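A quick note: this is a predicted structure, and the numbers were derived from the prediction, not measured.
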Amino acid sequence: MGRGRQADGVDVPASEMKKWFDSNYHFVVPEFSEETDFKLVFNKALEEFTEAKNIGVTTRPVVLGPVTFLALGKATKDAKAGFRPVSLLPKLLPVYKQLLADLKAAGAESVQIDEPILVLDVAATYEKEFITAYSELAPVSPKLVLATYYGRLDSNLTFVAKLPIAGLHIDLDRAPAQLDQVIAAVKPSNIILSLGVVSGRNIWKSDFQAALKLGQKAVEAIGAERVIIATSSSLLHTPVTLAAEKKLTPEQQDWFSFALEKASEVSTIASVLSGSQDAKVTEALEANKVSIAKRREFERTSDDAVRKRVAAITPEMLERKSPFAVRKEIQVKQLGLPKFPTTTIGSFPQTQEIRTARAKLGKKEITEEEYKTFIKKEIESVVRIQEKIGLDLLVHGEPERNDMVQYFGERLHGFVFTQNGWVQSYGSRYVRPPIIVSDVSRPGPITVEWSSYAQSVTQKPMKGMLTGPVTILNWSFPRADVSREIQCKQLALALRDEVVDLEKAGIKAVQVDEPALREGLPLRKPDWDAYLSWALPSFKIATAGVTDALQTHSHFCYSDFGDIFPSIQALDADVISIEASKSDMKLLSTFKQYGYSNQIGPGVYDIHSPRVPSEQEIKDRIKAMLEFLSPDQLFINPDCGLKTRAWKETEASLINLVNAARWARQTYQ
């Protein structure tokens, strides 16, 4: 499902992937129709519960709730018009009853059942389904602890508090203000309240005093026996342990808390609330006070020049010199691209040789000069391959980059890095997010050397490649003491300088990727405007400092942004590329609806799968795109960067892409 299959006469594309709520974790989107039937083929929760029980540990199993499971799915292509996946609930519930009854029979005392859909506005439309589901599940199940996270319940609390559940978990890291409302709603019942006071989303040490204040409020209102202390969400989004970090300074180590340390924090907070007199608990409480005070002292220091520059941002800095129609005419002459120009999204395969060279440099087994020589050879090789295939707008392939966010963070002031702070992105793919600890600035050019070299070895135009300010912010662990707006604008100014320097160096197109723009959107619609009021200007600050001749590109992947389309228009990028192949190009109707006039490259094939699309398949996609877009608007490109792919499938896919584009030029003259 995640990769697709192309072997033994089978040719099946991969399923669509989406971001899990507003996190950087991905899930494979389940597909449903009226014909869908369910059966339990593997009770993973039971197997793991039994494994733990056999070594003397009784755990609380965790399963995804039935309503969220259906709500996050989508209708198959052959489903009838108007079909809603949630209508399958009566067919799904018997499977959940079997799963939960088996856990109860095995000795599970309680089960955490996750329904994060409850923090979205759309959950209000599922009230009837929630009542039906939990009325049926409760009688056959262990005690059910309903878990919500990443946001607030708001009006959904009205029906949630009446469900036949034993406990309710709420996120007090993201939404501490909901505590009073939740306490009032559950007080008349016997529902136990699980308080997510330790953040499952960041890496900063918890402030015990703030957490205890929330915990004490609940204890005083409903009694200690009805209060559980917990992390705000799963610890999936944090690295495992600080114990593996050997290069952070003692001061930096004292700022942070990873998953295992957060588990200890939960234990300490719960012990204090329980009135523990244990000397170790008292010692941990006092040590936390000292740590938090030291961090607050550090936070008071700032880079005055950076702060002044942010304060001096003017509206004029957000706008290009001329409207798109004027810029386009200039860029057509400057770039000399054909109709249906072909390009890629940036990265090319990161081979074992590239990773080995990077590791050797890190271990000082080769010199900086030897590494640069190796990278230049890789860049020239990638350029020659693109020329041979016949691509029009080239890229340098990014062989020097370890990660699209980490690479920039390592070259900006204000970040620190871990050795082993890996966080799962999807499947076996992990990232090591940088940590923003102070004001951000650019000490010097970051990518100019490599893009300039790539341009020097070809006559074709070269596209510079940068990660945008919103994405760097969202895919890092941000500061907790300064607003995300301030941090994003600091990043935007640093990137603005880089874009200007790339143009000065002779680069004629620059792509500033913002795959996390939609992901960072708050989960509740009333909160959107506040986010967009600084996220969109940050992108424009980064890209608007150049002449009309420079063609600006931006890329969005997994961006279900039909609901914020006017904001995408407002970015005013000359060309945007979007993930479209796995989402059945459903976004394209939005472009037609809003009358999008700039250029666009909807991905014609899925790069997350090793499957090679046929030339005819790409032609069919181009045909479908032209039902919504004019030929003058269309760029032909893959869905995303090619970093995770092997060279064999990469070349085969791009050859088919270029041939399909040539066909389009002949067909739509």
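- The aromatic rings of Phe159 and Phe130 lie tilted to each other, with the angle between the two planes from 30° to 60°.
- Closest of all the heavy-atom pairs between Arg3 and Ala14 is C-CB, 3.6 Å.
- The closest donor-acceptor contact from the side chain of Lys18 to the backbone of Phe27 lies at 3.5 Å or more, if one exists at all.
- The distance from atom CZ of Phe49 to atom NZ of Lys44, rounded to the nearest 0.5 Å, is 15.0 Å.
- The backbone N or O of Pro478 lies less than 3.5 Å from no partner atom in the side chain of Arg484, so there is not a single donor-acceptor pair.
- One N or O on the side chain of Thr268 and one on the backbone of Ser264 form a donor-acceptor pair closer than 3.5 Å.
- Side-chain atoms of Leu517 and Leu536, non-hydrogen and from C-beta on, do get closer than 4.5 Å to each other.
- Look at Arg432 and Asp403 and you find no salt bridge, because none of the NZ, NE, NH1 or NH2 atoms lies under 4.0 Å from a carboxylate O.
- Salt-bridge formation is not detected for the pair Asp481/Arg300: no Lys NZ or Arg NE/NH1/NH2 atom is positioned less than 4.0 Å from an Asp or Glu carboxylate oxygen.
- A salt bridge links Asp22 to Arg201: one of the charged nitrogens lies within less than 4.0 Å of a carboxylate oxygen.
- Of all non-hydrogen atoms in Arg84 and Ser87, the two that sit nearest each other are O-OG, 2.6 Å.
- Of the N and O atoms on the side chains of Asn156 and Tyr126, not one donor lies less than 3.5 Å from an acceptor on the other residue.
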Practice item. Evaluate the side chain to side chain contact (heavy atoms under 4.5 Å, CB included) criterion for residues Thr238 and Val423: first the C-alpha distance (whole Å), next the side-chain angles of each, then the deciding distance (0.1 Å), finally the verdict. Key: CA-CA 6 Å; Thr238 63; Val423 176; 5.7 Å; no
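- Using a 4.5 Å heavy-atom threshold, the side chains of Leu473 and Ile436 count as touching.
- Side-chain N or O atoms of Thr471 include one that pairs as donor or acceptor with a backbone N or O of Ala516 at under 3.5 Å.
- A donor and an acceptor atom, one from each side chain of Asn288 and Lys205, are nowhere located under 3.5 Å apart.
- Classification of the Phe21-Tyr150 ring pair by plane angle, with boundaries at 30° and 60°, yields tilted.
- Within 6.0 Å of the CD atom in Gln277, the count of heavy atoms belonging to other residues, nucleotides or ligands does not exceed 12.
- Side-chain contact annotation: Tyr149 with Glu115, donor-acceptor N/O pair under 3.5 Å absent.
- Put simply, the side chain of Ser271 gets close to the backbone of Ser267: a donor and an acceptor are under 3.5 Å apart.
- Contact check on Glu286 versus Lys289 returns a salt bridge, with a Lys/Arg side-chain nitrogen under 4.0 Å from an Asp/Glu carboxylate oxygen.
- Counting only heavy atoms from C-beta outward, the side chains of Ile435 and Trp204 approach each other to under 4.5 Å.
- Put simply, OG on Ser141 and NZ on Lys97 are 9.5 Å apart, with the number rounded to the nearest 0.5 Å.
- Salt-bridge check for Asp154 with Arg152: passed, with a basic side-chain N closer than 4.0 Å to an acidic carboxylate O.
- Here the CD1-CD distance, from Ile472 to Gln490, works out to 12.5 Å after rounding to the nearest 0.5 Å.
- Note that the CG atom of Leu118 and the OG1 atom of Thr68 stand 6.0 Å from one another [nearest 0.5 Å].
- Counted by atom type alone, Gln252 and Asp254 present zero donor-acceptor pairs between their side chains at under 3.5 Å.
- Between the side chain of Thr132 and the main chain of Glu129, no donor-acceptor pair closer than 3.5 Å is present.
- One finds the CG atom of Leu64 at 10.5 Å from the CD atom of Gln112 (value rounded to the nearest 0.5 Å).
- Counting only N and O atoms by type, the side chains of His26 and Ser425 include a donor and acceptor under 3.5 Å apart.
- Note: Phe69 and Phe32 meet the aromatic proximity criterion, with ring centroids under 6.0 Å apart.
- Here the closest heavy-atom approach between residue Ala133 and residue Val67 is recorded as CB-CG2, 4.4 Å.
- Note: Phe256 and Phe258 have parallel aromatic rings, judged against thresholds of 30 and 60 degrees for the angle between ring planes.
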Check your understanding: Hey, mind stepping through Asp180 and Val182 against side chain to side chain contact (heavy atoms under 4.5 Å, CB included) and telling me if it holds?
Key -> CA-CA 6 Å; Asp180 289 342; Val182 174; over 6 Å; no
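- Other residues, nucleotides and ligands contribute more than 12 heavy atoms inside 6.0 Å of the CD atom of Gln424.
- Under 3.5 Å, the side chains of Thr467 and Asp513 contain no donor-acceptor pair of N or O atoms.
- Smallest separation of non-hydrogen atoms from Glu245 and Gly421: OE2-N, 3.5 Å.
- By the 4.5 Å heavy-atom criterion applied to side chains, Glu410 and Phe415 are not counted as neighbours.
- For the pair Ser232 and His169, the tightest heavy-atom approach, listed with the atom from each and the gap, is O-NE2, 3.0 Å.
- Minimum interatomic distance between Leu491 and Pro469 (heavy atoms only, all atoms of both residues): CD1-O, 3.6 Å.
- Asp171 has its side chain out of reach of Thr148: every pair of non-hydrogen atoms, C-beta onward, lies at least 4.5 Å apart.
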Review point. Glu16 and Lys74: salt bridge (charged side-chain N to carboxylate O under 4.0 Å, His left out), yes or no, with the steps?
Key: CA-CA 10 Å; Glu16 182 180 0; Lys74 70 174 185 178; 2.8 Å; yes
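- Rounded to the nearest 0.5 Å, atoms CG (Asp439) and CD (Gln487) are 9.0 Å apart.
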Exercise for review: Check step by step if side-chain hydrogen bond (donor to acceptor under 3.5 Å, both in side chains) holds for Glu31 and Thr76.
Suggested key: CA-CA 5 Å; Glu31 298 175 26; Thr76 58; over 6 Å; no
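- When atom types are taken as modelled, the side chain of Lys128 and the backbone of Thr125 share no donor-acceptor pair closer than 3.5 angstrom.
- With no hydrogens or angles considered, no side-chain donor-acceptor pair links Thr231 and Lys262 at under 3.5 Å.
- A salt bridge is absent between Glu109 and Arg60: the closest approach of a Lys/Arg side-chain nitrogen to an acidic carboxylate oxygen does not fall below 4.0 angstrom.
- Put simply, the side chain of Asp114 never gets that close to the backbone of Pro116: no donor and acceptor are under 3.5 Å apart.
- Taking the side chain as every heavy atom from C-beta outward, Leu93 and Pro66 approach each other to under 4.5 Å.
- Other residues, nucleotides and ligands contribute more than 12 heavy atoms inside 6.0 Å of the CG atom of Asn54.
- The closest side-chain heavy-atom distance from Phe298 to Ser438 is below 4.5 Å.
- When only modelled atom types and interatomic distance are considered, Ser257 and Glu265 share a side-chain donor-acceptor pair under 3.5 Å.
- Proximity of a side-chain donor or acceptor of Gln178 to a complementary backbone N or O of Ile170 within less than 3.5 Å is not detected.
- A heavy-atom distance below 4.5 Å is not found between the side chains of Pro433 and Trp475.
- Side-chain polar atoms of Glu261 and Thr241 form a donor-acceptor pair below 3.5 angstrom.
- Between Arg296 and Glu299 there is a salt bridge, since a side-chain N of the basic residue sits under 4.0 Å from a carboxylate O of the acidic one.
- The residue from Val197, Leu195, Ile229 that alone fulfils the side-chain contact (heavy atoms from CB on, under 4.5 Å) condition with Val266 is Ile229.
- The backbone N or O of Pro522 sits less than 3.5 Å from a side-chain atom of Trp528, completing a donor-acceptor pair.
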